[in-house]
There are 2 protein chains.
Amino acid sequence: MEESEFKPEIIVDFREAFSIKLKLSELGSRVVEKSITPADYVLSENCAVERKTLKDFLRSIYDGRLFEQVERLAKAYEKPILIVEGYTLQGLENVENPKIFWGALARVLAEWGVSVIFTPDERGTALFLYSLAEKLQKESERRVLAKRKPRVYTLREKQLLILQGLPNIGPERAAKLLERFGTLRRVFQASERELLSVEGFGKKIVRQIREILDTKYPGLEEI
Amino acid sequence: MEESEFKPEIIVDFREAFSIKLKLSELGSRVVEKSITPADYVLSENCAVERKTLKDFLRSIYDGRLFEQVERLAKAYEKPILIVEGYTLQGLENVENPKIFWGALARVLAEWGVSVIFTPDERGTALFLYSLAEKLQKESERRVLAKRKPRVYTLREKQLLILQGLPNIGPERAAKLLERFGTLRRVFQASERELLSVEGFGKKIVRQIREILDTKYPGLEEI
DNA sequence: ATAGCCGGGTGGTGA
DNA sequence: TCACCACCCGGCTAT
């Protein structure tokens with residue numbers, strides 16, 4: 001018995017198959033049975049798993065249950081995962097309309113950002129759950145740093161960002177302006193003539209810029 | 001021929017299997033061949049797909065290529081997806097160490113947030129790619145429109161918005177500046193002294209504004 | 001020095 | 001997942 005071995009804790013809905021709980025236990029995780037909704041397994045504070053057999057998956061596409069459940073799962077957890085169990089060639093061949101099957105998968109992924117994993121059987125499901133729980137919980141410490149970067153802009157980025165507030169100016173034209181004039185202040189001093197000489201700037205855009213820069217505030221905006 | 005039918009555009013690395021490109025075409029997408037890295041398929045601005053056969057997937061676990069590639073994919077795209085093709089029971093039975101297989105999957109998901117989809121063959125891959133591209137691109141179309149709709153800025157609002165690009169300038173200070181100086185151009189011409197005389201502007205903020213306006217581009221990036 | 005206010009970041013929620 | 005909003009904290013201004 002190694003003390004150093006890490007034991008992930010997995011919360012399992014009490015209605016889930018016994019064999020999976022057993023397997024998870026054997027693998028070395030602490031299994032906690034609870035009545036949970038909307039998921040079947042909770043692997044970390046923000047990661048939960050819904051498990052469906054292939055057969056149930058297919059049925060639930062048609063009766064709409066799939067999207068309901070997936071929606072609730074996605075709302076409740078940052079990292080929602082769907083496991084489709086019993087994924088075999090045989091099973092797939094029974095799918096009458098592959099287009100609907102793959103379409104549903106795509107929708108789950110695109111619309112709700114749910115990751116989908118296919119396992120052949122309960123053993124595979126358990127192995128995957130265990131591995132994932134282990135990774136998530138081990139690294140939860142490390143993750144503290146890996147969290148959202150506050151995104152601090154450099155001075156250079158700020159300069160570009162301001163110019164992009166002008167109409168029809170994106171990153172590209174913003175860069176052109178700064179390259180040509182050197183500083184923001186000089187860009188804003190530029191005459192219509194000077195602006196026209198910059199690549200990518202024509203009559204129309206220059207006119208708009210001038211309007212914004214030189215219209216008296218508050219502009220007479222009434223209707 | 002329905003005009004109303006939506007045609008997703010899929011960018012495919014030119015080295016990918018011809019049969020998949022053909023199938024994608026048949027399904028009704030516009031296939032664009034390019035040399036792309038690090039992905040094999042690009043389905044939208046922020047979604048790209050790496051495709052691997054099961055055999056290659058297994059090999060790449062051991063030689064470390066998998067994690068390298070997945071890392072690059074995840075860094076380059078918000079929604080990275082890995083397709084494992086040729087997923088059959090037979091194939092899986094050949095996996096000597098299931099623990100390593102599922103562990104790799106868990107790692108890809110936990111560490112990089114990459115979704116993994118298993119397809120039985122190229123046909124399945126193509127169907128999935130097509131469905132996903134359709135969903136993503138339809139959705140983004142909606143968003144582009146949805147963005148433009150609610151926000152038709154008046155000239156006055158645009159002027160305020162530009163000033164709010166400056167650090168610590170919100171709606172309030174922006175309005176103060178325009179009231180005081182009349183036009184945007186005059187705001188940007190203002191001296192440090194003039195700025196200080198505006199209510200709500202102190203030493204610190206004026207200093208920052210000056211820095212942004214007068215620093216030569218490209219600013220020397222701090223480390 | 002300090003009180004009050006502004007800006008912007010964060011977290012929760014709904015779609 | 002992403003977009004939006006409401007609230008809160010830290011820091012700057014102004015007295």
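FYI, side chains are in, hydrogens and waters are out, and symmetry mates aren't considered; it's all heavy atoms of this structure. To find a chain, count down the sequence lines: A is the first, B the second, and so on, and within it residues start at 1.
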Please tabulate the protein-to-nucleotide N/O contacts below 3.5 Å involving nucleotides 11-13 of chain C, giving atom names and distances.
none

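Rounded to whole Å, the distance from CG on A:Leu109 to P on D:dT1 is 12 Å. Atom pair A:Arg72:CZ and C:dA15:C1' shows a separation of 16 Å (rounding to whole Å applied). C:dG7 atom P lies 6 Å from atom CD of B:Glu172, rounded to whole Å. In this structure, A:Leu82 atom CG and D:dT1 atom C1' are separated by 15 Å, rounded to whole Å. Whole-Å rounding puts the A:Lys79 NZ to D:dC2 C1' distance at 17 Å. Separating the CG atom of B:Leu136 from the C1' atom of D:dC2 is a distance of 13 Å, rounded to the nearest angstrom. Put simply, CG on B:Leu166 is 13 Å from C1' on C:dG7, counting in whole angstrom units.
Once rounded to the nearest 0.5 Å, the distance linking CG of B:Leu127 with CG of A:Asn97 reads 9.0 Å.
Inter-residue side-chain proximity for B:Ile209 and B:Ile169 is flagged as met; some heavy-atom pair is nearer than 4.5 Å. Under the 4.5 Å side-chain criterion, counting only non-hydrogen atoms from C-beta, B:Val49 is not in contact with B:Asp40. Using a 4.5 Å heavy-atom threshold, the side chains of A:Tyr41 and A:Leu24 count as touching.
Not less than 6.0 angstrom separates the ring centroid of B:Phe188 from the ring centroid of B:Phe181.
In this structure, B:Pro167 reaches the sugar-phosphate backbone alone: every heavy-atom distance under 4.0 Å involves primed, P, OP1 or OP2 atoms, never a base.
Aromatic ring orientation, B:Phe128 versus A:Trp102: perpendicular (interplanar angle above 60°, classes split at 30° and 60°).
With 3.5 Å as the limit, one finds no donor-acceptor pair spanning the side chains of B:Gln137 and B:Lys7. Side-chain contact, B:Glu85 with B:Thr53: no donor N or O sits under 3.5 Å from an acceptor N or O.
The existence of a salt bridge linking B:Arg72 and B:Glu68 is excluded, since no basic side-chain nitrogen approaches an acidic carboxylate oxygen closer than 4.0 Å.
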Mark up nucleotides 5-15 of chain D, 5' to 3', with B wherever a protein heavy atom is under 4.0 angstrom from a base atom, S wherever such an atom reaches only the sugar-phosphate, and - elsewhere.
-------SSS-
